[in-house]
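Numbers here simply count residues along the sequence, with the first being 1.
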Amino acid sequence: MNSAIVSCESPDSLRGDSMLSSHTKGQDRKPNGVQKDPRSSHLAYGILDIPPWYLCIFLGIQHFLTALGGLVAVPLILAKDLCLQHDPLTQSYLISTIFFVSGICTLLQVFLGIRLPILQGGTFAFVAPSLAMLSLPAWKCPEWTLNASQVNTSSPEFIEEWQKRIRELQGAVMVASCVQMLVGFSGLIGFLMRYIGPLTIAPTITLVALPLFKSAGNDAGIHWGISALTIFFIVLFSQYLKNVMVPVPVYGRKKKCHISKFNLFQVFPVLLALCISWLLCFVLTVTNTLPKSPSAYGYMARTDTKGSVLSQAPWFRFPYPGQWGLPTISLAGVFGIIAGVISSMVESVGDYHACARLVGAPPPPKHAINRGIGIEGLGCLLAGAWGTGNGTTSYSENVGALGITRVGSRMVIVTAGCVLLLMGMFGKIGAAFATIPTPVIGGMFLVMFGVISAVGISNLQYVDMNSSRNLFVFGFSIYCGLAIPNWVNENPEKLQTGIIQLDQVIQVLLTTGMFVGGFLGFVLDNTIPGSLEERGLLTWNQIQEDSKETPKASKVYGLPWGIGTKFCTSSCAQALPFWPRLDHRGDEAGVSQLTLCSQTSSGKHLRSVTETKM
């Protein structure tokens with residue numbers, strides 16, 4: 001007899017699964033015996049709850065705005081090396097495309113992937129190898145594309161210059177994504193995680209952003225005053241005012257219109273800083289405080305340098321696969337992007353566990369992690385086919401937003417995916433972000449890249465940093481990850497084997513700092529003698545430990561519409577590494593879960609929940 005009893009099956013039930021826990025040894029234990037995370041008891045909506053539709057829309061838009069900085073940043077970083085720095089209209093098309101594809105990938109991940117409320121979007125892990133590939137002599141932009149006065153954005157010659165570069169990126173991303181799908185759907189990710197520890201992950205993620213300091217500095221240097229102001233506002237809102245509650249008007253069924261307090265600065269620090277700096281640039285442009293001469297310092301801080309984009313961009317534009325032409329493939333690009341794929345996979349596994357803790361869900365089992373990584377690979381394949389110039393991955397900042405809002409409902413992320421789809425089809429939205437003044441973008445990049453580097457270093461908290469072994473592994477990996485790419489960029493002619501394709505592969509890999517640092521960290525950490533505790537693998541493996549296949553885990557991570565439980569339950573399907581496992585044992589012995597749901601006359605469930613111990 002199944003000991004989990006639920007007395008209401010209505011799809012509108014709100015609190016049954018996330019706010020109810022049976023007890024075997026006191027109020028602080030879950031049914032599976034794991035210490036209960038105190039954060040899960042304060043969730044407004046759990047992962048299986050369905051908030052009211054208007055709340056889903058509001059929170060979905062909030063998730064879109066939270067991811068906005070990262071989504072917009074990737075196309076803007078790639079623009080210069082794609083020869084598009086003087087073509088804001090095409091930049092707006094890339095921004096709209098990445099919005100659209102991120103929406104598709106988010107829906108795929110929530111319905112068929114890990115099934116946790118995680119937003120998908122462009123990844124910085126692909127930026128470094130992409131820039132390394134575009135820096136090859138064959139793909140460097142001609143001098144005339146760097147001069148705004150010589151660029152005719154509608155000429156066939158210019159269009160072919162940037163399209164052939166993005167088609168090369170498309171092909172590399174699509175082939176590398178097949179590797180990610182293979183690793184995910186075959187279950188190899190679990191095997192790899194045994195050997196990839198904090199001393200491999202820390203230099204890899206740190207070197208994702210560190211080499212981009214030159215690009216961020218050049219953009220900020222267009223007008224250091226505007227950039228410094230943008231940085232000031234981001235730091236002010238995200239660090240000093242993050243706990244300040246701002247009164248905002250709210251409408252509720254019981255209280256109707258009333259004033260409620262909201263962590264505005266904590267949730268939207270980047271967006272608020274961009275808007276204020278953007279407005280200031282507009283005022284300085286209207287008053288002609290900023291110079292009018294294109295050769296003068298600070299000219300690119302004017303808002304009218306890209307003003308024609310809004311009038312040229314269509315109101316609606318539907319992105320489609322192959323919109324830039326048929327993708328091309330080169331070995332150099334593929335190997336470089338594969339390095340980014342490995343970094344992205346490792347980071348995503350950590351995001352899955354963090355998200356599960358924040359929404360009160362059991363740790364994700366193996367089949368869910370395999371499926372999540374495989375679907376991310378499928379998302380990268382779609383991103384390559386659509387021509388974003390990038391891939392997709394799980395967004396850590398949106399995982400953090402779950403802890404702020406205390407809303408872990410999957411339906412909210414489904415709404416966020418739909419918002420991304422709509423924004424991707426609304427051409428004026430992408431055009432608006434393409435007109436952000438360059439120094440404002442530079443200030444945002446300086447802050448974002450610094451945070452990404454710090455996130456990589458934070459993985460060292462699991463490692464004994466009093467150990468000279470660990471200090472050597474990390475320090476040497478980081479330093480070589482900066483020194484070797486710098487030398488190769490300055491001396492490309494000294495790495496000539498006579499085989500052009502091999503030369504390109506070597507140059508792309510050795511100019512990708514995250515590959516050099518991650519590879520050295522991996523080799524040294526797995527060959528230099530050291531205990532598991534010293535290397536941080538004991539704590540690391542405990543965090544990555546798989547959950548038991550309890551009924552709640554099956555409900556959270558199982559496939560929708562009865563797939564794997566009512567349909568496709570053959571032994572062949574069960575043998576697949578990404579297929580949900582049938583559990584006929586029921587819940588833990590001696591545990592019963594009873595949910596009593598009552599309904600009002602309008603058919604809505606009350607929030608009262610009765611907890612019973614058998």
Lys80 atom NZ, neighbour heavy-atom count above 12 within 6.0 Å:
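No.
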Does atom CZ (Phe282) have a neighbourhood of more than 12 heavy atoms from anything else shown, all under 6.0 Å?
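Open.
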Measure from the side-chain N and O atoms of [X] to the backbone N and O of [Y], and report whether any donor-acceptor pair falls under 3.5 Å.
X: Asn486; Y: Leu482; value: no
X: Arg317; Y: Gly427; value: no
X: Ser92; Y: Leu89; value: yes
X: Thr435; Y: Ala432; value: yes
X: Trp386; Y: Pro319; value: yes
X: Gln180; Y: Met345; value: no
X: Lys428; Y: Ala313; value: yes
X: Thr285; Y: Cys281; value: yes
X: Ser177; Y: Cys380; value: no
X: Thr512; Y: Met514; value: no

Please name the pair of heavy atoms, one in [X] and one in [Y], separated by the smallest distance, quoted to 0.1 Å.
X: Val516; Y: Pro485; result: CG2-CG, 4.5 Å
X: Gly443; Y: Ile231; result: O-CG1, 3.5 Å
X: Ile375; Y: Gly113; result: CG1-CA, 3.6 Å
X: Asp219; Y: Gly442; result: CB-CA, 3.6 Å
X: Met411; Y: Pro51; result: CB-CD, 4.5 Å
X: Ser96; Y: Gly430; result: OG-CA, 3.7 Å

Decide whether [X] and [Y] meet the rule of one side-chain donor and one side-chain acceptor closer than 3.5 Å.
X: Thr97; Y: Gln323; value: yes
X: Asn152; Y: Ser155; value: no
X: Thr393; Y: Ser348; value: yes
X: Gln170; Y: Arg165; value: no

Minimum side-chain heavy-atom gap [X]-[Y] below 4.5 Å:
X: Phe100; Y: Leu420; result: no
X: Val440; Y: Trp278; result: no
X: Phe126; Y: Val341; result: yes
X: Glu376; Y: Ser394; result: yes
X: Thr392; Y: Thr123; result: no
X: Gln163; Y: Trp324; result: yes
X: Thr303; Y: Thr305; result: no
X: Phe449; Y: Phe124; result: yes

Which value, rounded to the nearest 0.5 Å, describes the distance between [X] atom [atom1] and [Y] atom [atom2]?
X: Leu107; Y: Cys418; atom1: CG; atom2: SG; value: 5.0 Å
X: Thr388; Y: Ile166; atom1: OG1; atom2: CD1; value: 7.5 Å
X: Ile77; Y: Ser130; atom1: CD1; atom2: OG; value: 10.5 Å
X: Leu68; Y: Leu274; atom1: CG; atom2: CG; value: 7.5 Å
X: Thr206; Y: Ile457; atom1: OG1; atom2: CD1; value: 4.5 Å
X: Leu378; Y: Cys105; atom1: CG; atom2: SG; value: 7.0 Å

Would you please test Ser227 and Leu446 for side-chain contact (heavy atoms from CB on, under 4.5 Å) and show each step?
CA-CA 9 Å; Ser227 300; Leu446 286 174; 5.5 Å; no
How far apart are the C-alpha atoms of Leu59 and Thr415, what are their side-chain angles, what is the distance that settles it, and do they pass the side-chain contact (heavy atoms from CB on, under 4.5 Å) test?
CA-CA 8 Å; Leu59 293 172; Thr415 308; over 6 Å; no
Determine whether Ser343 and Val208 satisfy the following criterion, side-chain contact (heavy atoms from CB on, under 4.5 Å), listing intermediate values before the conclusion.
CA-CA 9 Å; Ser343 171; Val208 166; 4.2 Å; yes
Out of the candidates Leu284, Asn288, Thr289, only one should pair with Arg302 under the side chain to side chain contact (heavy atoms under 4.5 Å, CB included) rule; please name it.
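Per the side chain to side chain contact (heavy atoms under 4.5 Å, CB included) rule, the option paired with Arg302 is Asn288, out of Leu284, Asn288, Thr289.
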If we check side chain to side chain contact (heavy atoms under 4.5 Å, CB included) with Arg410, which of these qualifies: Ile47, Val359, Ile50?
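The passing option is Ile47.
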Pair Phe99 and Phe64, ring centroids less than 6.0 Å apart:
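For Phe99 and Phe64, the ring centres are under 6.0 Å apart.
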Are Trp315 and Phe426 close enough that their ring centres sit under 6.0 Å apart?
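Yes, the ring of Trp315 comes within the 6.0 Å limit of the ring of Phe426, centre to centre.
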Set out, in order, the CA-CA distance, both residues' side-chain angles and the distance that settles ring-ring contact (aromatic ring centres under 6.0 Å, His included) for Phe237 and Phe233, then state yes or no.
CA-CA 6 Å; Phe237 296 150; Phe233 281 126; 5.8 Å; yes
Would Leu290 and Tyr299 satisfy side-chain contact (heavy atoms from CB on, under 4.5 Å), going step by step from the backbone distance to the final call?
CA-CA 6 Å; Leu290 293 171; Tyr299 170 75; over 6 Å; no
